[in-house]
Number of protein chains: 2
Amino acid sequence: MAAHVSSKTSESSDKVSVICRALRRAIIEQALEPGAKLPEDALGERFGVSRTIARHALGQLAAEGLVELRRNRIAVVATPSWQEARDAFDIRIELERLVVRQLAGKLTKAQIAELNAHVDAEDRARGGTDAVSIRLATEFHILLAHMTNSPILVRYVSEVAYRCCLTLSLYSRPHSTECAINEHRAIIAALAKGDAAKVMELMHHHLDSVANRALVAPTPQRGRDLLDILAPYADEVTSNRVIKLPKLARRS
Amino acid sequence: MAAHVSSKTSESSDKVSVICRALRRAIIEQALEPGAKLPEDALGERFGVSRTIARHALGQLAAEGLVELRRNRIAVVATPSWQEARDAFDIRIELERLVVRQLAGKLTKAQIAELNAHVDAEDRARGGTDAVSIRLATEFHILLAHMTNSPILVRYVSEVAYRCCLTLSLYSRPHSTECAINEHRAIIAALAKGDAAKVMELMHHHLDSVANRALVAPTPQRGRDLLDILAPYADEVTSNRVIKLPKLARRS
DNA sequence: AGCGCTTCAATTGCATGCAGTTTGGCTCTC
DNA sequence: GAGAGCCAAACTGCATGCAATTGAAGCGCT
């Protein structure tokens, strides 16, 4: 379902694009968690292509910010910092305000029907896993972007939405999707009515609240990761056996 | 000069990145015009690397929208439509408003000095070629983005600015940079003063006027290219010999 | 001459191979 | 038993080679 949401920007049917799409989906559905390793060999074998192609696909995804590529090291699914997550949402808000501004009052009946159908699908998926809900919610926004007929806007909204998706899997708590679905419906209604200012405000509030629900308090770990996180625990074991830090730290 | 404006997002020092930077620069300085062919062999030979690497670089630039990659065909420098150019500027306006919003009143003296130095460089370059002026003007904006310390924002602003650069070379008339330089100075001043609303307004107006100066009338060719452009002429030759369409159409 | 067909050089799509780097275990020592 | 150092396996960086596709010149036909 919702196959029409696939990015068509220079993504035809060559093997690289296929792998990109597969990995992208695996990432945003959290089948691949942030930090998961992505060895070129393994990808190549899994998708039945050579390492060259897998490598190229990783390059593309790195350009989108979904994977991190360190020289001579295994590529990993990106692990955005909290601040980066917040920045991504800020950018997303502006981009999507632009989307709805362009769309307000300009949607055909068919398009509105399509949007409603999508939200219905979201509704139906409420019983399923969080991963699917998050993906559908994201695809709603990408569907909106597509309706602007602006390839550039589609590209940026898609990318930043995927990124946000990724951060949700990192920083989100159990998640409640219901209100988000209602907000989607409200946005559709305002778009149909053609009230640009209103729908921009709705979109802003919608994304802002998603961000605030998801990105819980900065958890003063403005330093990097793990070492800071473990700092408080370290106190409790000073006299006991010390946790093998190098082993753990390597994971990141 | 202005080497610090180089995008550092997963671009360290591997050969692919080097080639990307070189091509990017060649494109925005119009050494490579839109539509110019970029055969993998030629690039590889020119930069002393294998075709694999050249290919990978082209993939990256395609992801940035600077080159177009058609299956089994030679890659070419992107030729954005007029509408895409306008869309790019619209997106850019929003992104850069975000940049100056974050920056207003938060710049160190050193940063302000750096900005002023850059504008001075722009001033000095006024006698030179348009290409250099345009590049410097673009790099001013990228420099601003860097100061937000938000890698994502840097990436998007850079990309969209490069794209706009590209469109300037397509649709711009001879160009007068002087007012742009003054506007840059005004923006710095407002940033230093810390008036967020004012500087956002300035940036908006600045980019909007650049876009309007550059993107001259839509030249009613909202359809695709050539075939539509030639449509009106076709009427006049219905009874005469027909223009050799395939020959001309192939050029694009 | 103008038009279509055939053929060949140019070019891409992709896999494989080799060299250099990193990783993680293993041993050897204290 | 803990820690430093070494070594093999794993992995990446890159070049090269081969098959497939494309573009355009050459050729014959009307």
Side-chain angles (χ1 to χ4, degrees), chain A residues 10-23 35-63 67-77 226 237-252, chain B residues 10-23 35-63 67-77 226 237 240-252:
Chain A
S10 81
E11 288 222 354
S12 47
S13 63
D14 55 58
K15 302 195 181 185
V16 173
S17 309
V18 172
I19 297 180
C20 277
R21 271 193 289 271
L23 285 180
K37 293 181 183 175
L38 302 169
E40 298 173 359
D41 297 342
L43 295 180
E45 191 179 359
R46 186 71 193 74
F47 290 106
V49 299
S50 84
R51 221 160 48 78
T52 306
I53 304 306
R55 179 181 185 74
H56 200 93
L58 286 174
Q60 296 294 305
L61 292 173
V67 320
E68 280 169 22
L69 229 45
R70 301 109 89 213
R71 187 175 173 87
N72 282 323
R73 312 265 315 260
I74 301 182
V76 296
V77 176
L226 264 172
V237 286
T238 43
S239 55
N240 275 329
R241 200 172 299 162
V242 162
I243 297 176
K244 284 205 269 186
L245 255 189
K247 206 94 180 186
L248 286 169
R250 184 170 299 137
R251 203 226 139 208
S252 134
Chain B
S10 80
E11 287 220 354
S12 43
S13 64
D14 55 61
K15 303 195 179 184
V16 173
S17 309
V18 172
I19 297 179
C20 277
R21 272 194 289 271
L23 286 180
K37 292 181 183 176
L38 302 169
E40 298 174 358
D41 296 340
L43 295 180
E45 192 179 357
R46 187 69 192 77
F47 290 105
V49 299
S50 84
R51 223 163 43 79
T52 306
I53 304 306
R55 180 184 184 72
H56 201 92
L58 286 175
Q60 296 293 304
L61 292 173
V67 320
E68 280 169 21
L69 230 43
R70 300 109 91 218
R71 188 177 173 85
N72 283 323
R73 312 266 316 260
I74 301 181
V76 296
V77 176
L226 264 173
V237 288
N240 275 328
R241 200 171 300 158
V242 162
I243 297 177
K244 284 206 271 184
L245 257 189
K247 207 91 182 186
L248 286 170
R250 186 169 299 137
R251 202 233 138 201
S252 132

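In what follows, every chain begins at residue 1, and chains take the letters A, B, ... in the order their sequences are listed. Everything numeric here is computed off the predicted structure, so don't read it as measured data.
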[X] [atom1] - [N] [atom2] separation (whole Å):
X: B/I19; N: D/dC14; atom1: CD1; atom2: P; answer: 9 Å
X: A/E40; N: C/dT21; atom1: CD; atom2: P; answer: 17 Å
X: A/I74; N: C/dT22; atom1: CD1; atom2: C1'; answer: 9 Å
X: A/H56; N: D/dG13; atom1: NE2; atom2: P; answer: 14 Å
X: B/L38; N: C/dT11; atom1: CG; atom2: P; answer: 12 Å
X: A/R55; N: C/dA15; atom1: CZ; atom2: P; answer: 15 Å
X: B/D14; N: C/dT21; atom1: CG; atom2: C1'; answer: 14 Å
X: A/L69; N: D/dG13; atom1: CG; atom2: C1'; answer: 11 Å

Problem set entry | Residues that B/R51 engages under salt bridge (charged side-chain N to carboxylate O under 4.0 Å, His left out), provided they are two or more places apart |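 With sequence neighbours excluded, B/R51 shows a salt bridge (charged side-chain N to carboxylate O under 4.0 Å, His left out) to B/E40, B/D41, given in chain and number order.
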
Problem set entry | Reported CZ-to-NZ distance for the pair B/R73 and B/K37, which is rounded to 0.5 angstrom |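 If we round to the nearest 0.5 Å, B/R73:CZ and B/K37:NZ are 8.5 Å apart.
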
Problem set entry | Nearest-nucleotide 5' precedence on DNA chain D, B/S50 against A/A75 |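 Nearest-nucleotide comparison on DNA chain D picks A/A75.
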
Exercise. Looking at DNA chain D, which of residues 41-49 of chain A put a heavy atom within less than 4.0 Å of it?
Worked result: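 Within this stretch, A/D41 sit under 4.0 Å of the strand.
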
For this session: Only pairs at least two apart or in different chains count here, so list each ring-ring contact (aromatic ring centres under 6.0 Å, His included) that has a residue in residues 44-63 of chain A.
Result: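 Counting only pairs at least two positions apart or across chains, the ring-ring contact (aromatic ring centres under 6.0 Å, His included) contacts touching residues 44-63 of chain A are A/H56-B/H56.
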
For this session: Apply side-chain contact (heavy atoms from CB on, under 4.5 Å) to A/L38 and list each qualifying residue two or more places apart in sequence or on a separate chain.
Result: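 side-chain contact (heavy atoms from CB on, under 4.5 Å) list for A/L38, sorted by chain: A/L32, A/L43, A/L58, A/V67, A/A75, A/V77.
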
For this session: Report the residues that fulfil side-chain contact (heavy atoms from CB on, under 4.5 Å) with A/I53, sequence neighbours left out, ordered by chain and then residue number.
Result: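 A/I53 satisfies side-chain contact (heavy atoms from CB on, under 4.5 Å) with A/K15, A/V16, A/I19, A/V49, A/S50 only.
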
Exercise. Tell me, for nucleotides 17-22 of chain D in 5' to 3' order, what letter each nucleotide earns: B for a base near a protein heavy atom under 4.0 Å, S for only sugar-phosphate near one, - for neither?
Worked result: B---SS

Exercise. Picking from D/dC14, C/dA15, D/dG13, which would you name as closest to the side chain of B/I53?
Worked result: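 Out of D/dC14, C/dA15, D/dG13, the nucleotide with an atom closest to B/I53's side chain is D/dC14.
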
For this session: Provide the closest heavy-atom pair for A/A62 versus A/L69 in the form atom of the first, atom of the second, distance.
Result: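 Taking every non-hydrogen atom into account, CB-CD2, 3.8 Å.
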
Exercise. Which heavy atom in A/A54 sits nearest to a heavy atom in A/G44, and how many Å separate them?
Worked result: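 Here A/A54 and A/G44 meet closest at CB-N, 3.9 Å.
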
For this session: Check side-chain hydrogen bond (donor to acceptor under 3.5 Å, both in side chains) between A/E68 and all other residues, then give those that pass, not counting sequence neighbours.
Result: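 A/E68: no side-chain hydrogen bond (donor to acceptor under 3.5 Å, both in side chains) contacts found.
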
